[in-house]
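Here the structure comes first, spelled out in structure tokens, and everything after it is commentary.
Proteins come first, then strands; the chains are lettered A, B, ... in the order of their sequence lines, and each starts at number 1.
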Amino acid sequence: MFVRVRMAPSPTGFLHIGGVRTFLFNWLFARHHGGEFRLRIENTDTSREVAEAVDQIQESLRWLGLDWDGSVTFQLDRLDDCRRAAEQLVADGKAYLDDGAIRFRMPNEGVTAWDDAVRGRVEFPNDSLEDLVLVRGDGRPTYNFASPMEDVWDGITHVIRAEDHISNTPKQINIIRAVGAELPVYAHVPNVNGQDGKKLSKRHGATGVDEFRKSGYLPDALVNFLALLGWAPDGETTIMSRDELVERFSLERVSSSPAQFDYAKLDWMNGVYMRALAEDEFAHALILWLGEQGYEWDAELVRKTAPLVQEKLARLDEFPAYARFLFEDVEADPADLDGGGPMLAAATAALESLEPFTAESIEAALRAAADGLGLKPRQAFQPVRVAVTGSKISPGLFESIELLGRTQTLARLTRAAAV
RNA sequence: GCCCCCAUCGACUAGCGGUCCAGGUCGCGGCCCUUUCAAGGCCGUCGCACGGGUUCGAAUCCCGUUGGGGGCACCA
């Protein structure tokens, strides 16, 4: 089967995560069948166009690793073709002039129906279809005319789009029939909603691809998560590589009911992907992300710190909270030191001339110090952790101290003990 | 108002008439491990919206109700 699909965003802003899911289904379908995936910008409504949007959309797709075939096309470039097609419909008696606009004559008896690849048969009574404007008074074609015409001209075989287009489909089908072209297969995939079942919007959290990137999600994790919103290969598998998604994807298994976006599950999955990275890949992702976010932290030190936090993070943006103490001076909250004075002193003494100064020897020295005071590890190490890292939550204490170095460690222990 | 779509644990879903007193994953709760936090291991909690049919048999098929969503522009 030859397959050519298209994604047709309008350049009105950042790529919305719900749109990305539809994008992904198109992409998976095309790649699964070894077909083509086109990118088309629907920019006939120039008044709503945002200047940077076209670039941002492409940048987001590149980041997600969703590649398209051929060059990007613009609906506006086919304005004349649309006009000509409309005039032909007028000549054929299938459309008529109305107040300077050209209006399409919809059938008013019977039904318009199609076999939707995800929903099965869908029917619309024709008397509910109004004669729609093909070309506006100012000569610009409308979406419901330009879009199906472009599908025809581009030889699109499958139109895979979100369910809010269902009611446009009978209109577009009638237009395509009127120009005597072959109908594509339509597949209406379910919408993605927010946690309250309502349309996903700002108040639910991140919605733009750029925001997910900023939050420190890995593209592979996001893609895996999105693929599972409205599609499942079986009831068991959740973690799938891109190749596996491509191999297993089919429209038949796309659900017809809407899904809710669950940030908690995304976080879990992102953690799974981060832990699965090789040590240097993880460090690389971290360094890249920190750079994008404007941190000027030493890359070598980040590389050394990475292994200490790899299994603790669900998102890259959690890194600074864990590791800030290695890159900047931090101060301990006296309340958190909680009577740890004796242990702080003992730790200072134990580390002062310890050789070698390694995680292993540090651990041995601190455990001995704790024993000397008759303290349980839990009680003993917490004040040290707070003094050294400035936080009750940190990477492994001994590794952290080794990385921080003797000088800094002693300085922080002394300062905390003085409080 | 009219048209269309949808309906299994809190969430994502498996289930396409018997193998389901409904399985997996996230979340949640508990326990274990443990220098904190995570991670990991084990156990557990929670669901077929409702009412009628069809059938020997229904989560699965049909009808209705209710509930949710989408659309009805010279927006896309």
Side-chain angles (χ1 to χ4, degrees), chain A residues 8-12 41-45 47-49 75 98-103 116 118-120 122-125 127-130 132-147 162-171 188 190-193 195-199 225 227-239 252-253 255-269 271-272 274-275 309-314 318 321-322 336 363 366-367 370 375-386 389 391-400:
Chain A
S10 53
T12 49
I41 305 292
E42 314 236 300
N43 58 345
T44 39
D45 184 9
S47 65
R48 292 205 306 164
E49 188 161 344
Q75 199 162 65
D98 175 33
D99 247 341
I102 298 177
R103 216 175 256 281
D116 197 283
V118 334
R119 280 156 214 274
V122 181
E123 290 187 354
F124 278 78
D127 58 16
S128 70
L129 268 30
E130 289 187 1
L132 76 91
V133 170
L134 302 178
V135 179
R136 301 176 174 91
D138 66 4
R140 284 155 48 232
T142 58
Y143 163 79
N144 269 316
F145 181 48
S147 183
E163 66 178 319
D164 38 288
H165 281 285
I166 289 182
S167 55
N168 287 326
T169 303
K171 303 172 190 172
H188 291 92
N191 279 327
V192 176
N193 295 328
Q195 275 134 337
D196 52 3
K198 300 270 195 296
K199 208 174 163 75
F225 174 77
L228 258 16
L229 251 33
W231 174 80
D234 53 53
E236 318 294 313
T237 320
T238 53
I239 301 294
E252 291 68 46
R253 289 197 66 86
S255 152
S256 41
S257 51
Q260 286 186 34
F261 197 99
D262 182 359
Y263 292 90
K265 188 166 185 177
L266 207 213
D267 279 6
W268 164 78
M269 192 173 281
V272 170
M274 296 217 292
R275 274 172 253 130
V309 299
Q310 183 162 6
E311 68 174 22
K312 296 180 187 296
L313 304 187
E318 291 168 352
Y322 272 102
D336 293 336
E363 175 166 7
L366 291 182
R367 280 191 191 281
L375 292 172
K376 295 222 178 292
R378 195 185 206 84
Q379 308 168 287
F381 297 149
Q382 200 60 355
V384 177
R385 180 190 316 284
V386 169
T389 71
S391 167
K392 289 189 283 189
I393 299 167
S394 80
L397 219 210
F398 319 119
E399 291 81 359
S400 293

*Over how many whole Å does the gap from A:D127 atom CG to B:C2 atom P extend?*
13 Å

_Length of the line joining A:I102:CD1 and B:C74:P, which is rounded to integer Å_ = 14 Å

*asked:* Measuring centre to centre across the rings, with the benzene-like ring taken for any Trp, is A:F398 within less than 6.0 Å of A:F381?
replied: yes

*Set of side chain to side chain donor-acceptor pair (under 3.5 Å) partners for A:D138, sequence neighbours left out*: A:R140

*asked:* Expressed as a whole number of angstroms, how long is the span from A:D99:CG to B:C74:P?
replied: 11 Å

*asked:* Main chain of A:V118, side chain of A:D116: is a donor-acceptor contact present, judged purely on distance under 3.5 Å?
replied: yes

*Whole-Å distance between B:C72 P and A:N168 CG?*
7 Å

*Rounded to whole angstrom units, what separation is found between the CD atom of A:E252 and the C1' atom of B:C16?*
13 Å

_Rounded to whole Å, please give me the gap between CZ in A:R275 and C1' in B:G40._
9 Å

_With A:N168 via side chain to side chain contact (heavy atoms under 4.5 Å, CB included) - residues at least two apart_ = A:Y143, A:N144, A:H165, A:K171, A:Q172

*Value in whole Å for how far the P atom of B:G71 lies from CD of A:E130*: 16 Å

*At under 4.0 Å between heavy atoms, what does A:H188 touch on the DNA or RNA strands: base, sugar-phosphate, or nothing?*
nothing

*Any side-chain donor-acceptor pair under 3.5 Å between A:S391 and A:T389?*
no

_Would you say A:R119 places a side-chain N or O within less than 4.0 Å of OP1 or OP2 belonging to B:A7?_
no

So which protein nitrogen or oxygen atoms get under 3.5 Å of nucleotides 31-35 of chain B's nitrogens or oxygens?
unit_1	atom_1	unit_2	atom_2	d
B:U35	OP1	A:R367	NH2	2.8
B:U35	O2'	A:R385	NH2	2.9
B:U35	O2	A:R385	NH2	2.5

